Amino acid sequence: MSAERVSVQELLSSRFAEAIARVAGVAPQSVDPQVRAAADARFGDYQCNVAMSLARTLKLKPREVAERIVDEATKGAGATERRSDEATKGEAATIFEPLEIAGPGFINIRLTDEFLSRYLAEIPAADASPAPAPNFAERWDSVAPDEPWADRFGIPPVNAAHRQRVVVDYSSPNIAKQMHVGHLRSTIIGDVFVRVLEFEGHAVRRQNHVGDWGTQFGMLIAYYADHPMPDVCGGDVMAALEADYRAARSRFESDPEFASAARLAVTKLQQGDVAARLSWEAICLTSEAGFAGLYVQLGVKLRKMDNCGESFYQRDEDRLTPVVEELRAKLPPRSPEDQPPPLPVGRVECRDDQGALCLFFYDAQDEPRFKGPDGSELPMIIRKSDGAFLYATTDLAALRYRTREIEFVEAATEPRSHGATEGSEGATERRSDEGENGHGATEPTSHAGAPTGVLRGATRLIYVTDARQKLHFEMLFAAARAVGWAPPDRVRLEHVTFGSVLGDDKKPLKTRSGENVKLQLLLNEAIERAKAVLQKRFVDDEIAKDFQIDEDANQDEALDAELEAVVKERRTVGYRLYELVANTVGVAAVKYADLCRDRNSDYVFSWDKMLAMQGNTAPYLMYAYARIRSIYRKAATGQGLSDADLTRAVYDPSVRLALDHAAERALALRLARLHETIDELASNLLPHVLCSYLYELAADFMRFYENCPVVQAADEATRLSRLRLCDLTARALKLGLHLLGIEVIESM
RNA sequence: GCGCCCGUAGCUCAGUUGGACAGAGCAGCGGAUUUCUAAUCCGCUGGUCGGGGGUUCGAAUCCCUCCGGGCGCGCCA
């Protein structure tokens, strides 16, 4: 393969773009070749749909255009790939079978088995000894970079020229309140973007914009003046905090003396009073400990260093007043005598209205862009008539900070050539204070990984919040563009919305008493329900039998002490495994159920569906993974080999991937598409496309499994080939699920 | 009133941003197990893509209109 490995779709797209460019007489860069995965397997693997639309501009018949494209794409280097590596001895590998034109002018592309086989064969084996992941307690406080990718599946990071500096704003809970289902989607969807963009090689900063400033702190500070704060190490911290918050609130309403103390506390806090500040800090720290527990359980990458809440913009330094002043200076109201200027993108002006400082928005026709119920123009208020700032002000300040000040550490890393070093990590962002080789990667440092310095300001801002805040973000982005903090050619602004979680009644999910469902309780129930599902499976299992024996033990005097001890130990081990599996499956089911739907639509929460073994669910995918690993273990022990030994044999360069059976070929094609699927997710920010891919992959594997014996394959070459397919599938599932924030288990 | 989102099989949802006769899972019916983990696989049944009009080689997808549902709309976040 060429030095820069690209996805199959990219490879075909560039070939066809060149061919089309020659046919149409334009530059290849200006062509969209419209190469897509084929709608139906009968039409091949990919299809090019460009001929029909091109026919009109060329004033030719579509089929004629298609024929010319086919000629260009087929001749010379168009259809073959120059190979220079030793293993293939310079042979030319034909990429696709003779192209076919069908229907009105579709060009059907079928990859050759040889190409597919070699494309997959070039994926190096996974690193057998990945760096151990730090435990969460270490990671929560750490500012070290994330652990590197143990296995990139042969997918290189983007090259330096395309590296984005991305801020992902997600989760954003409120201090002293328990997270509820409303925070679930933001937290896990945002985390997927972080993972995928990091994997793609972009520089990513997570920002947890926590609600840690405001009037509610007055009540809490006053309350904790004569009450103990919840113990961070004792039980459910968040529940205790929230109970205190409620108590404080009701006291605020009934006790005038307390109320004035609370108001005084707010003033003191804002003035930097030391006692008030210490109390505030203690409350925040207690609350963060609660969040940390939930984040670890959810397997979310957020850490303490990612906390950059509302207080950041007004606590130690007033970052809001300068923002307001800059808006006022740069967006002055238009004076009446001004001629209406040409307004291609509309206009924003900053002026006082009814005592409040506001931003007003106008469209290209200079008409108000947003209107209220009475038809009057609708502003974004950035300073209340009493002089106080609001969330809009903080959001503007945060946006300015993120496009101008926030720091990214750039590592100048060239895309690695593949096969040079097997399975180790190429392009994790490394911080300058971390030193070289901080992650136990054993490869020679053949590629440049040294940090080159700090860059300020993001080139892409992603906000993950529910769809109801859409209007707010439209205003926010319009203001940012108008004032020049986010020039469209330099900064991409994306509000990633998602729908609500609904109950069976199709109304937003609530408890019977009408409250938001607490995230912690939701996860606890998920684990309990996963246990119930697993128990059914364990009925015929030895572990379950052991349970039975153990329960009957005191009645059965024949059971001697030694046997009892053995049973007890097995029971303990089995139970631990069972706990682990239930925890992993339960949390995975909740996360996956959320991610596998188009995030824009509301979704109906259903325990039975998310824990089902059939269909597009976490348990199905995890089971597929466990099943593959089981085959692999069986193959290894059957020959008295270790997993590592077997892997060495399976990934030996002499092994040729045979794709003779239809199920083998379908699986191979699917595996080859992981790369383009991840690329797609990185650009359209739709996690469910990766979910669909993984489900199809698992289904393809199941069909392969039913049809193609692996361990008992007819001959050794087939056995090794199929074991290779098994391992590649396991790795693709593991990587894909990991990008979705879901970890696999080796045995279920 | 204005703005945004949605309406696809009995149910829950996909549909690659305008491409081929609209696809899965569940439910229903019928098959496959001396297993490489059946927690699986295969087959069948099931549709006026909310209705109508338009744009073009081609529409579930884009435009208009109506019906039905959700959300948002000045000093909360």
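From a predicted model like this one, the values you see are computed outputs, not experimental measurements. Letters go in sequence order (proteins before strands), and every chain restarts at 1.
B:rC4: Watson-Crick or G-U partner is B:rG70, with both key distances under 3.5 Å. With a cut-off of 3.5 Å on both pairing distances, B:rC75 has no Watson-Crick or G-U wobble partner at all. Using N1 to N3 plus N6-O4 or O6-N4 for Watson-Crick, or N1-O2 and O6-N3 for G-U wobble, each under 3.5 Å, B:rC49 pairs with nothing. Judged by Watson-Crick or G-U wobble contacts below 3.5 Å, the nucleotide B:rU17 has no partner. Base pairing analysis places B:rG58 opposite nothing; no Watson-Crick or G-U wobble pair with both distances below 3.5 Å involves it. Using N1 to N3 plus N6-O4 or O6-N4 for Watson-Crick, or N1-O2 and O6-N3 for G-U wobble, each under 3.5 Å, B:rA9 pairs with nothing. When both pairing distances are held under 3.5 Å, B:rC29 makes a Watson-Crick or G-U pair with B:rG43.
Residue-level contact check: A:M52 touches the bases, meaning some heavy atom is under 4.0 Å from a base atom. Within 4.0 Å of A:G375, counting heavy atoms only, lies no atom of the nucleic acid at all. Within 4.0 Å of A:V710, counting heavy atoms only, lies at least one base atom of the nucleic acid. As judged by a 4.0 angstrom heavy-atom cut-off over every strand, A:N108 is placed among the base-contacting residues. Residue contacts for A:P62: at a heavy-atom cut-off of 4.0 Å it reaches no nucleic acid atom on any strand shown. Within 4.0 Å (heavy atoms only), A:S630 reaches at least one base atom of the nucleic acid. Within 4.0 Å of A:S747, counting heavy atoms only, lies at least one base atom of the nucleic acid. Looking at heavy-atom distances under 4.0 Å, A:A356 makes contact with a base. At a threshold of 4.0 angstrom between heavy atoms, the contacts of A:Q354 include nucleobase atoms, whether or not backbone atoms are also involved. Using a 4.0 Å heavy-atom criterion, one finds that A:H688 contacts the sugar-phosphate atoms exclusively. Nucleic acid contact for A:C691: none, since no nucleic acid atom lies under 4.0 Å from a heavy atom of the residue. Among the protein residues, A:A624 comes within range of no part of the nucleic acid, since none of its heavy atoms lies under 4.0 Å from any strand. Looking at heavy-atom distances under 4.0 Å, A:E706 makes contact with a base. Heavy atoms of A:Q9 sit nowhere under 4.0 angstrom from any nucleic acid atom.
Residue A:S692 has its side chain nearest to B:rA14 when only B:rC75, B:rC5, B:rA14 are considered. Closest to the side chain of A:Y623, from the set B:rU40, B:rC75, B:rG15, is B:rU40. Side chain of A:L390, nearest nucleotide from B:rC26, B:rA14, B:rC75: B:rC75. Here B:rU37 is the nucleotide among B:rU17, B:rU37, B:rG19 with the atom lying nearest to any side-chain atom of A:A626. Of the candidate nucleotides B:rU16, B:rG70, B:rG74, B:rU16 has the atom nearest to the side chain of A:R36. Comparing atom distances between the A:Y620 side chain and each of B:rC75, B:rU16, B:rU40 picks out B:rU40 as nearest. Here B:rA14 is the nucleotide among B:rG74, B:rA14, B:rA20 with the atom lying nearest to any side-chain atom of A:R597. When the nucleotides B:rA20, B:rU37, B:rG19 are ranked by their closest atom to the side chain of A:R633, B:rU37 comes out on top. In this structure, of B:rC41, B:rC13, B:rA14, it is B:rA14 that holds the atom nearest to the side chain of A:D598. Of the candidates B:rC42, B:rU12, B:rC13, B:rC13 carries the atom nearest the A:Y603 side chain, counting heavy atoms from C-beta on.
As rounded to the nearest Å, B:rC4 and B:rC64 have P atoms that lie 10 Å from one another. Distance noted for atom C1' between B:rC26 and B:rG19: 30 Å (whole Å). B:rG7 and B:rA60 have their C1' atoms separated by 11 Å, with the value rounded to a whole Å. The gap from the C1' atom of B:rC49 to that of B:rG43 amounts to 26 Å, rounded to the nearest Å. B:rG74 and B:rU8 are spaced 32 Å apart, taking the P atom of each and rounding to whole Å. For the C1' atoms, the distance from B:rA9 to B:rG50 is 15 Å, rounded to whole Å. With both ends at atom C1', the span from B:rG54 to B:rC71 equals 29 Å, rounded to whole Å. For the P atoms, the distance from B:rU16 to B:rG69 is 28 Å, rounded to whole Å.
Remark: ring of A:Y695 not stacked against base of B:rA24; the cut-offs of centroid gap under 5.5 Å and plane tilt under 30° are not jointly satisfied. The aromatic ring of A:F106 does not stack onto the base of B:rG19, failing the criterion of a centre distance under 5.5 Å from the six-membered base ring together with planes under 30° apart.
In this structure, the CG atom of A:L621 is 12 Å from the P atom of B:rU40, given to the nearest Å. Rounded to whole Å, atom C1' of B:rC76 lies 11 Å from atom CD of A:Q216. Following rounding to the nearest Å, A:I381 (CD1) and B:rC76 (P) show an atom-to-atom distance of 8 Å. Whole-Å rounding puts the A:I628 CD1 to B:rU40 C1' distance at 13 Å. The separation between A:H472 atom NE2 and B:rC4 atom C1' is 16 Å, rounded to whole Å. Distance CE (A:M475) to C1' (B:rG72): 11 Å, rounded to an integer number of Å. Atoms OH (A:Y46) and C1' (B:rA20) sit 19 Å apart, rounded to a whole Å.
Taking a cutoff of 4.0 Å between a charged side-chain nitrogen and a carboxylate oxygen, A:K507 and A:D505 do not qualify as a salt bridge. With salt bridges taken as basic N to acidic carboxylate O contacts below 4.0 Å, none links A:K591 and A:D594.
In this structure, CG in A:L509 is found 8.5 Å from OH in A:Y603, a value given to the nearest 0.5 Å. In this structure, the separation between CD on A:E696 and CZ on A:R673 is 10.0 Å, given to the nearest 0.5 Å. Put simply, CZ on A:F291 and CG on A:N174 are 7.5 Å apart, with the number rounded to the nearest 0.5 Å. The line from NZ of A:K384 to CD of A:Q354 is 15.0 Å long, rounded to the nearest 0.5 Å.
Counting only distance, with no hydrogens or angles, the side chain of A:N707 and the backbone of A:R703 share a donor-acceptor pair below 3.5 Å. Checked by atom type and distance alone, the side chain of A:T637 never pairs as donor or acceptor with a backbone atom of A:G640 at under 3.5 Å.
For the pair A:Q47 and A:K384, both in contact range of RNA chain B, the more 5′-proximal nearest nucleotide belongs to A:Q47. Annotation: of the two residues near RNA chain B, A:E696 and A:A38, the 5′-most nearest-nucleotide partner is A:A38.
Side-chain atoms of A:D40 and base atoms of B:rA22 include no donor and acceptor less than 3.5 Å apart.
The aromatic rings of A:F605 and A:W607 sit perpendicular to each other, their planes meeting at more than 60°, with 30° as the lower class boundary.
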Residue pair A:I175, A:F217: steps toward the side chain to side chain contact (heavy atoms under 4.5 Å, CB included) verdict: CA-CA 9 Å; A:I175 294 290; A:F217 282 97; 3.6 Å; yes
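By the rule that a glycosidic angle within 90° of 0 means syn, B:rU17 counts as syn.
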